[in-house]
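Below you'll find the structure, written out as structure tokens, and then a few comments.
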Amino acid sequence: MISSKDKELEDLINKLQSTHIDPKEAIRLQIKASRYITESPLDTPPATVGGFDLSFPNNARAAAIVIESSTMETIEEILEDMPVTMPYIPGLLAFREAPVILRAYNSLKAKPDVIMIDGHGRAHPRRFGIACHVGLILRKPSIGVAKSLLIGNAEEPGDNKGDWNPITLGNEVLGAAVRTKPGAKPVYVSVGNLISLEQAVELVLKMTTKYRLPEPTRRAHMLASRYKNTR
DNA sequence: GCGACAG
DNA sequence: ATCTTGTCGC
């Protein structure tokens, strides 16, 4: 049986991929789509983790990296370009960046078990940041890793790698401020889809070596920016 | 009305 | 995100 709810989700997933959309409509879509996000724990530990980031040499350029979690080795890299169709509006970042990210994801031969995206997941005004947006469209476990807060507050975590405090807003826990490197500002982690916050934090820490950002996102950032002043 | 505001 | 060199600190 195909329920009406399945059809609504299918319809939402299509609309979330619009390359041109009115901000008011975009906000309505986020509010509806937010209800389909799942924060249930992952049952199988991820063997591969994908990382995505963008640069804007001219058009929008997305870099996708797939890393084997047991060895931390990059097993695939992809670069995709696409014209920019939306301006940057706080809270609506996904409508500007998701299209190229999805194109890069589709180009990957080795589909990762979990994906990490630059930006927030549930730590968002409508609880539907870019990590939720991409995670819902792909129906794939996703994690948001941001370098600054969009909403909510968090106490400064301790200075040891692994120390973290919740990002809260009222009685809600939206994510976690995680110390990935002593002496460096924390990273803000939140659930995108199909994973628990605890597992998201755990995976971000596992994928972090000697830098502030976890390897998936860090390598994707380097790859996306590499040829900025070249080809 | 006055700020705040992922990338 | 992007424009950009040197420089302060661990």
Side-chain angles (χ1 to χ4, degrees), chain A residues 16 19 21 23-24 26-27 29-30 33-34 37 51-65 79-104 115-136 142-154 158-161 167-170 172 174-193 197 200 204 210-214 216-230:
Chain A
L16 287 175
T19 51
I21 189 169
K24 294 295 181 187
I27 288 174
L29 290 178
Q30 292 182 324
S34 171
I37 292 301
F52 298 80
D53 192 31
L54 303 197
S55 69
F56 296 82
N58 172 36
N59 288 325
R61 171 168 296 171
I65 293 275
L79 272 180
E80 288 290 347
D81 283 25
M82 202 175 220
V84 176
T85 58
M86 291 284 286
Y88 165 65
I89 300 172
L92 300 182
L93 174 69
F95 290 92
R96 173 179 168 84
E97 304 195 342
V100 220
I101 288 179
L102 292 169
R103 172 170 292 189
I115 61 180
M116 297 192 359
I117 297 181
D118 239 37
H120 292 102
R122 304 230 85 179
H124 175 278
R126 268 84 60 191
R127 313 296 180 268
F128 198 73
I130 190 167
C132 298
H133 191 113
V134 174
L136 183 65
S142 62
I143 299 170
V145 182
K147 298 181 290 300
S148 64
L149 283 175
L150 176 56
I151 57 163
N153 301 288
D159 200 41
N160 293 312
K161 176 178 178 180
I167 296 171
T168 62
L169 186 58
E172 279 184 277
L174 307 179
V178 184
R179 185 125 274 150
T180 49
K181 175 181 181 176
K185 294 177 60 60
V187 148
Y188 301 94
V189 178
S190 60
V191 170
N193 196 20
L197 176 60
V204 163
K210 56 191 297 193
Y211 305 97
R212 175 164 85 122
L213 297 178
T217 286
R218 196 184 72 83
R219 290 179 198 175
H221 189 292
M222 290 185 68
L223 178 58
S225 308
R226 172 176 260 165
Y227 308 104
K228 199 163 295 180
N229 301 305
T230 313

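Below, chain A is the first sequence line, B the second, and so on; all start at residue 1. Fair warning: this is a prediction, and the values are worked out from it, not measured in the lab.
With hydrogens and angles disregarded, a donor-acceptor distance shorter than 3.5 Å links the side chain of A:Arg179 to the backbone of A:Gly158. At least one donor-acceptor pair under 3.5 Å links the side chain of A:Gln30 to the backbone N or O of A:Gly91.
Proximity of A:His221 to the phosphate of C:dA1: a side-chain N or O atom is located under 4.0 Å from OP1 or OP2. Within the structure, a side-chain polar atom (N or O) of A:Tyr88 is placed less than 4.0 Å from OP1 or OP2 of B:dA6. Taking side-chain N and O atoms only, A:Lys147 has a distance below 4.0 Å to OP1 or OP2 of B:dG7. Close to B:dC5, at under 4.0 Å from its OP1 or OP2, lies no side-chain N or O of A:Ser148.
Residue A:Met86 contributes atom CE, which lies 16 Å from atom C1' of C:dA1 at whole-angstrom precision. A:Met116 places its CE atom 15 Å from the C1' atom of B:dA6, with the value rounded to the nearest Å. The distance from atom CZ of A:Arg96 to atom C1' of B:dA6 is 12 Å, rounded to the nearest whole Å. What separates CG of A:Leu54 from P of B:dA6 is a distance of 15 Å, to the nearest Å. Note: CZ (A:Arg61) to P (C:dT2) measures 11 Å, nearest angstrom. In this structure, A:Ile143 places its CD1 atom 21 Å from P of B:dA6, rounding to the nearest Å. In this entry the distance linking CG of A:Leu149 with P of B:dC5 reads 9 Å, nearest Å. Between the C1' atom of B:dG7 and the CZ atom of A:Phe52 lies a distance of 16 Å, rounded to the nearest Å.
Among residues two or more places apart in sequence or in another chain, the ring pair (Phe, Tyr, Trp, His ring centres under 6.0 Å) test is passed with A:His133 by A:Phe95, A:Phe128.
A:Arg122 has no carboxylate O lying under 4.0 Å from a charged side-chain N of A:Glu172, or vice versa, which leaves the two without a salt bridge.
When each of B:dG7, B:dA6, C:dT2 is scored by its nearest atom to the side-chain atoms of A:Asp53, the top-ranked nucleotide is B:dG7.
Across all strands, A:Gly183 comes closer than 4.0 Å to no nucleic acid atom at all (heavy-atom distances). Using a 4.0 Å heavy-atom distance criterion, A:Leu92 is classed as a base contact. The residue A:Gly144 sits apart from the nucleic acid: no heavy atom pair falls under 4.0 Å.
Shown here is A:Arg103, whose CZ atom has no more than 12 heavy atoms of other residues, nucleotides or ligands within 6.0 Å.
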